[in-house]
Peer 1: 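Once you've had a glance at the structure underneath, I'll fire off some questions.
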Amino acid sequence: MQIPSQQQCIGENPVDKDKAIKDRIELDMWYNVTILSVAAQFIYCLVQDRVGIIDCVVTTIYGYNTIEQRKQLWSGLKSIAAGNTKPWLLCGDFNAVLYINDRLMGNPITYTEVRDFAYCVATLTLNELAWTEDNYTWSNKQYGVERNDSRIDRAFGNYEWMMQWGHMITEYGLPYISYHSPILITLHSAPKPGKPPFRFFNVWADHDSFISIVERVWNQSYTKGKMKNI
């Protein structure tokens, strides 16, 4: 499942708008997205596919800039958690750092900056999704000593989410003209553990070259030790 971002849906020219409409139609064909609540710093939705496989809630986040204003965000997320039993994905721009190494250059991170965010994550027992690409998701686009890179865009899942889709990986794309790296999360089934069993089809033995191919492969050496080839 790939849900178009707000920028994709808005579009910047007629071509983009046509593609956004097409993406919106395709989304409606496969998924039902119901907005459950809207606040200043988040949108809370129910996402269900039309075949009964996906049934989860998603909260997209755009946090305020100040610590005091973000207290409303943490309070709102706690209220959602109290009434939710479904797999829950939270992702977006929290505008807050979570660890002391979440900023490269700039002012050192203080305990006050991470306290509320860390307490919310711990209280709601959220787990951050594994990710690929750059660790820092935001940059002020400056150079030299004025440069500031931070990790303020994240994706989390609750226990139910991690049990069902904990194998998924968050992909951070290139920011291009934006200050933020875009986030892409794709829902797919978990890979089956172990190797698939070997199956021999009798029809292979009817091939004219079957015996010669088996003899050639059987006599090949794959290791330096002869006993290991047995």
Side-chain angles (χ1 to χ4, degrees), residues 2-10 12 35-45 47 56-82 84 88-143 145-158 161-162 168-185:
Q2 295 183 2
I3 300 177
S5 66
Q6 184 179 9
Q7 292 176 340
Q8 289 175 315
C9 291
I10 293 175
E12 297 179 355
I35 297 178
L36 301 178
S37 64
V38 177
Q41 301 180 73
F42 65 81
I43 300 175
Y44 179 46
C45 302
V47 179
C56 64
V57 289
V58 178
T59 302
T60 56
I61 294 168
Y62 185 73
Y64 280 141
N65 292 325
T66 68
I67 294 175
E68 192 62 33
Q69 288 176 314
R70 286 194 297 271
K71 291 183 182 297
Q72 298 176 8
L73 170 60
W74 314 133
S75 176
L77 296 181
K78 292 175 184 176
S79 297
I80 291 175
N84 174 59
W88 183 24
L89 173 69
L90 307 85
C91 60
D93 174 15
F94 288 83
N95 239 320
V97 290
L98 185 57
Y99 304 107
I100 59 173
N101 60 346
D102 280 348
R103 183 179 297 142
L104 183 65
M105 305 181 67
N107 295 326
I109 294 175
T110 64
Y111 171 70
T112 303
E113 290 182 81
V114 304
R115 178 182 54 197
D116 293 343
F117 193 3
Y119 182 75
C120 180
V121 170
T123 301
L124 304 185
T125 61
L126 301 177
N127 290 277
E128 185 169 8
L129 274 61
W131 74 88
T132 60
E133 307 306 330
D134 198 352
N135 179 70
Y136 300 101
T137 64
W138 178 90
S139 170
N140 62 359
K141 301 286 188 180
Q142 300 300 311
Y143 297 94
V145 296
E146 300 297 325
R147 179 80 175 189
N148 189 332
D149 295 275
S150 300
R151 180 170 177 77
I152 57 177
D153 305 272
R154 285 185 144 93
F156 295 90
N158 65 352
W161 178 277
M162 300 307 291
M168 294 194 322
I169 296 178
T170 305
E171 299 179 46
Y172 292 99
L174 296 175
Y176 296 108
I177 63 173
S178 174
Y179 294 100
H180 296 265
S181 298
I183 297 176
L184 176 64
I185 302 173

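Computed from a predicted structure; not experimentally measured. Scope of the values below: all heavy atoms of this structure, side chains included, with no hydrogens, waters or symmetry mates.
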Peer 1: Of all the heavy-atom pairs spanning Pro108 and Glu113, show the shortest one and how long it is.
Peer 2: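 Nearest heavy atoms, Pro108 then Glu113: O-OE2, 3.7 Å.
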Peer 1: Could you go through residues 117-127 and list every donor-acceptor pair under 3.5 Å that involves a side-chain atom there, pairing it with any protein atom two or more places apart or in another chain?
Peer 2:
residue, atom, partner, partner atom, Å
Thr123, OG1, Tyr119, O, 2.7

Peer 1: Residues two or more places apart in sequence or in another chain: which of them pass side-chain hydrogen bond (donor to acceptor under 3.5 Å, both in side chains) with Ser150?
Peer 2: Asn148
Peer 1: Going by salt bridge (charged side-chain N to carboxylate O under 4.0 Å, His left out), name the residues that satisfy it together with Arg151, two or more places apart in sequence or in a different chain.
Peer 2: Glu128
Peer 1: If you round to the nearest 0.5 Å, how far is CD1 of Ile152 from OG1 of Thr137?
Peer 2: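 These two atoms lie 5.5 Å from each other.
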Peer 1: Does some side-chain heavy atom of Tyr44 sit less than 4.5 Å from a side-chain heavy atom of Val38?
Peer 2: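 Not touching, per the 4.5 Å side-chain cut-off.
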Peer 1: For Asp102, what residues pass the salt bridge (charged side-chain N to carboxylate O under 4.0 Å, His left out) criterion, not counting sequence neighbours?
Peer 2: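 Residues passing salt bridge (charged side-chain N to carboxylate O under 4.0 Å, His left out) with Asp102: Arg154.
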Peer 1: Between Ile109 and Val114, which heavy-atom pair has the shortest distance, and what is it?
Peer 2: CG2-CG1, 3.6 Å
Peer 1: Would you check, one step at a time, whether the test side-chain contact (heavy atoms from CB on, under 4.5 Å) holds for Phe42 with Thr60?
Peer 2: CA-CA 6 Å; Phe42 65 81; Thr60 56; 6.0 Å; no
Peer 1: Could you give me the CA-CA distance, side-chain angles and deciding distance for Thr59 and Ile80, then say whether side-chain contact (heavy atoms from CB on, under 4.5 Å) is met?
Peer 2: CA-CA 9 Å; Thr59 302; Ile80 291 175; 4.1 Å; yes
Peer 1: Should Gln72 and Ser75 be marked as a side chain to side chain donor-acceptor pair (under 3.5 Å) after you check the CA-CA gap, both sets of side-chain angles, and the distance that decides it?
Peer 2: CA-CA 5 Å; Gln72 298 176 8; Ser75 176; over 6 Å; no
Peer 1: Please indicate whether Ile67 has more than 12 foreign heavy atoms, meaning atoms of other residues, nucleotides or ligands, lying under 6.0 Å from its CD1.
Peer 2: yes
Peer 1: Using 0.5 Å steps for rounding, measure from the CH2 atom of Trp131 to the CG atom of Asn135.
Peer 2: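 If I round to the nearest 0.5 Å, the distance is 5.5 Å.
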Peer 1: Does some side-chain heavy atom of Leu89 sit less than 4.5 Å from a side-chain heavy atom of Leu129?
Peer 2: yes
Peer 1: To the nearest 0.5 Å, what is the distance between CD1 (Ile61) and CG (Asn95)?
Peer 2: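 One finds 11.5 Å between CD1 of Ile61 and CG of Asn95.
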Peer 1: CZ/Arg103 to OH/Tyr136 distance, rounded to the nearest 0.5 angstrom?
Peer 2: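 Here the rounded value is 10.5 Å.
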Peer 1: Atom CD of Gln41 and atom CG of Leu77: how far apart are they, to the nearest 0.5 Å?
Peer 2: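 Reported value, rounded in 0.5 Å steps: 9.0 Å.
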Peer 1: Tell me, please, which residues at least two apart from Asn84 pass side-chain hydrogen bond (donor to acceptor under 3.5 Å, both in side chains).
Peer 2: none
Peer 1: Please round to the nearest 0.5 Å and tell me the distance separating atom CG of Asp93 and atom CG of Asp153.
Peer 2: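 That separation rounds to 4.5 Å.
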Peer 1: Test of understanding: with salt bridge (charged side-chain N to carboxylate O under 4.0 Å, His left out), list the residues that count as partners of Asp116, not counting sequence neighbours.
Peer 2: Lys71
Peer 1: What's the shortest heavy-atom distance between Asn65 and Gln69, and which atoms?
Peer 2: N-OE1, 4.0 Å
Peer 1: Looking only at heavy atoms, which two atoms of Tyr172 and Ala155 are closest? And how far apart?
Peer 2: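 Heavy atoms of Tyr172 and Ala155 come nearest at OH-N, 4.3 Å.
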Peer 1: Any idea which heavy atoms bring Trp88 and Trp161 closest together, and the distance?
Peer 2: O-CB, 3.5 Å
Peer 1: Ignoring hydrogens, what is the shortest heavy-atom contact between Ile35 and Cys45? Give both atom names and the distance.
Peer 2: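 Answer, listing the atom of Ile35 first, then Cys45: CG1-SG, 4.0 Å.
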Peer 1: Take Thr170 and Thr132 through the side-chain contact (heavy atoms from CB on, under 4.5 Å) test and state the conclusion after the steps.
Peer 2: CA-CA 6 Å; Thr170 305; Thr132 60; over 6 Å; no
